[in-house]
Amino acid sequence: MTVTTDRPAAEAVLLSEGHDGPAPEAEIVTDLLRRALPVVPAPIVIGAIVAGTDGALSAGVGVALVFANFIAAAASLAWAARINLGVLMGVSLFGYLLRISAMFGAVFLLRDLDWIHVGVLGCTIVVMHLGLLAWELKYVSASLAHPALKPSKTKEPAA
Amino acid sequence: MITDSGLAALTYGLGAIGPGIGIGYLVGQSVQAMARQPEAAGMVRTTMFLGIAFVEALALIGFVVFFLAG
């Protein structure tokens with residue numbers, strides 16, 4: 001492919017190929033969900049305390065929405081990164097629009113149901129989203145921003 | 001005449017512009033970093049993904065406030 005422009009940075013992006021290998025986004029989300037599963041009962045119990053069965057169900061729906069949002073973001077970015085950096089840029093921006101619209105639409109449709117407590121649902125979405133990210137950030141920053149490079153607890157035998 | 005819910009929706013729409021600009025800037029800089037230094041793409045993508053998720057939280061807070069206020 002021959003592309004000539006007077007802007008080297010733009011040319012580099014146009015010529016760039018997708019990145020093969022394991023997707024960091026997928027690794028982060030897998031790690032995040034693995035760490036999140038043990039704490040999932042906590043928001044459900046808090047929801048139950050605040051608003052009874054409706055609160056517990058709402059918290060459960062909120063947790064599911066947050067998980068779905070993370071998985072959709074990671075899957076779309078990992079798919080786009082394999083193609084081209086330009087596609088990655090487009091998918092990132094339109095993905096944001098689509099995911100936020102989908103979340104808004106889901107809560108908009110759910111809020112009229114009898115068993116949904118909007119306060120618990122909304123608070124669960126925000127707290128779980130930020131809490132899981134902050135929790136994951138702790139591990140990512142401890143491993144130089146790449147989850148695959150985490151130091152293992154077991155010592156490697158000397159060569 | 002604009003109703004309260006209409007005003008809340010309008011305000012949320014305006015509020016969602018901020019995270020949009022943030023994600024655009026963040027991804028643009030990340031793409032530039034990956035184009036300049038492809039061997040660091042894994043680290044850049046990791047940081048980019050976490051950044052996108054944090055910026056998205058602003059939009060999530062916006063629509064949760066919209067539903068709580070509505």
Side-chain angles (χ1 to χ4, degrees), chain A residues 8-17 19 21-25 27-29 32 66 69-70 73-74 77-78 81 85-86 88-93 95-97 99-100 103-104 107-108 111 118-119 121-126 129-130 132-134 136-137 140-141 143-149, chain B:
Chain A
E11 191 172 327
V13 171
L14 287 171
L15 288 172
S16 64
E17 292 178 1
H19 298 277
E25 299 88 359
E27 289 180 26
I28 290 173
V29 167
L32 191 144
V66 170
N69 188 35
F70 276 131
L77 291 178
L85 290 180
L88 179 67
M89 181 96 197
V91 167
S92 304
L93 291 173
Y96 159 72
L97 192 65
R99 284 197 311 277
I100 288 297
M103 291 279 278
F104 187 90
V107 177
F108 189 82
R111 71 172 179 169
V118 177
L121 176 63
C123 290
T124 305
I125 288 173
V126 172
H129 189 93
L130 280 174
L132 290 179
L133 274 178
E136 182 63 21
L137 197 63
V140 171
S141 58
S143 58
L144 298 176
H146 200 290
L149 297 177
Chain B
M1 184 178 171
I2 300 177
T3 61
D4 284 351
S5 60
L7 191 64
L10 182 68
T11 309
Y12 171 61
L14 291 173
I17 294 173
I21 293 172
I23 288 179
Y25 185 74
L26 192 155
V27 177
Q29 294 293 316
S30 302
V31 165
Q32 193 178 40
M34 282 186 273
R36 285 174 186 266
Q37 210 168 352
E39 68 273 15
M43 198 175 76
V44 173
R45 278 168 63 187
T46 302
T47 314
M48 183 187 82
F49 180 70
L50 288 171
I52 288 174
F54 270 111
V55 173
E56 248 182 47
L58 295 174
L60 289 177
I61 290 170
F63 89 69
V64 166
V65 170
F66 164 72
F67 281 114
L68 291 180

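The chains referred to below are lettered A, B, ... by the order of the sequence lines, with proteins before strands, and numbering in each begins at 1.
- Across Ala73(A), Ser92(A), Cys123(A), the residue that shares the most heavy-atom pairs under 4.5 angstrom with chain B is Ser92(A).
- Taking the side chain as every heavy atom from C-beta outward, Glu25(A) and Ile52(B) never approach each other to under 4.5 Å.
- Taking the six-membered ring where tryptophan is involved, the planes of Phe67(B) and Phe63(B) are perpendicular, since the angle between them exceeds 60° and thus also 30°.
- Annotation for Ala35(B) and Leu85(A): closest pair N-CD1, 4.0 Å, computed over non-hydrogen atoms.
- Listed options Gly95(A), Gly119(A), Ala74(A) were ranked by heavy-atom pairs under 4.5 angstrom with chain B; first place goes to Ala74(A).
- Ranked by non-hydrogen atom pairs under 4.5 Å with chain B, the options Ile100(A), Val126(A), Leu133(A) are led by Leu133(A).
- Contact annotation: the side chain of Tyr96(A) never approaches that of Val55(B) to less than 4.5 Å [non-hydrogen atoms, C-beta and beyond].
- If you measure heavy-atom distances from Ile61(B) to chain A, the contacts under 4.5 Å come from both the backbone and the side chain.
- Chain B forms the most heavy-atom pairs under 4.5 Å with one residue out of Val107(A), Asn69(A), Val29(A), Leu121(A), and that residue is Val107(A).
- Scanning all heavy atoms of the two residues, the minimum distance from Gly42(B) to Pro24(A) falls at O-CG, 3.6 Å.
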